Amino acid sequence: SQYNQADVKFACFFLFEVIVMKLFNEICELVENMDADSYSEVLVEKSLTILPALADILEDDLKAVSVFATFILGAIAADGKLDENEYKLLYPFLREFFGDSIDYESCKNAASAFQKEGKELKKYVNYMVDIIGNLSDDLKEDIIIVCILICSIDGKISVSEKMWIKQLLK
């Protein structure tokens, strides 16, 4: 045969990656076009599933909130900016996790700082990938969906946001 096993494995891996990325882009487009009610419903539903599951796994409610907050902040900061409309849409969700003291300027500064700290952002991504690696497939999917929802809050998932999400899929 003119193809060796390594060539076939590489071709299969490449084909798998192409299919996964096509599906990923289709999911992103679907989420970008969600109506506000569906968006909120899915975000709340997934969050209410994720937090108790993380608390069970980590055996610590506070650590579960902290871990989930890291994913949320990572998604918010993925494109390095947060405009006021994004903040207004996310406010009920953010208030639920961070309390009433959360304001637009704090969120905007956090998103900007998170993006500027390249080394720190990489460390957080590695931390998040490690956490995701220890979770059930269903919980991983829920966390990725929440991240996609948060990244799509402005109606478009940017290339940098897609790259950030893809890192979590490793």
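Note that the structure is predicted; figures quoted are calculated from it, not measured.
At least one side-chain heavy atom of L139 sits under 4.5 Å from a side-chain heavy atom of I57. Residues V146 and D142 form no side-chain contact, since every pair of their non-hydrogen atoms from C-beta on lies 4.5 Å or further apart.
When every heavy atom of S47 is checked against every heavy atom of L43, the shortest pair comes out as OG-O, 2.8 Å. Residue C151 comes nearest to I165 through the heavy atom pair SG-CD1, 3.9 Å, listed as atom of the first residue, atom of the second, then distance. Residues E32 and G155 share a closest heavy-atom pair of CB-O, 3.6 Å. Smallest separation of non-hydrogen atoms from L135 and K140: O-CE, 3.1 Å. The nearest pair of heavy atoms linking E161 to K156 is OE1-O, 3.5 Å. In terms of heavy-atom proximity, I157 sits nearest to I148 at CD1-CG2, 3.7 Å.
Here CG of D138 is found 11.5 Å from CD1 of I143. Values are rounded to the nearest 0.5 Å. One finds the CD atom of Q167 at 11.5 Å from the SG atom of C147 (value rounded to the nearest 0.5 Å). Residue I144 holds its CD1 atom at 9.5 Å from CD of E141, rounded to the nearest 0.5 Å. In this structure, CD in E45 is found 10.0 Å from CD1 in I50, a value given to the nearest 0.5 Å. To the nearest 0.5 Å, the span separating CG on L54 from OG1 on T49 amounts to 11.0 Å. The distance from atom OG of S152 to atom CD1 of I145, rounded to the nearest 0.5 Å, is 11.5 Å.
More than 12 heavy-atom neighbours from other residues, nucleotides or ligands sit within 6.0 angstrom of CD on E105. At most 12 heavy atoms of other shown residues, nucleotides or ligands fall within 6.0 angstrom of atom CD in Q5. Summarising the local packing, CD of E29 is surrounded by 12 or fewer heavy atoms from other residues, nucleotides or ligands at distances under 6.0 Å.
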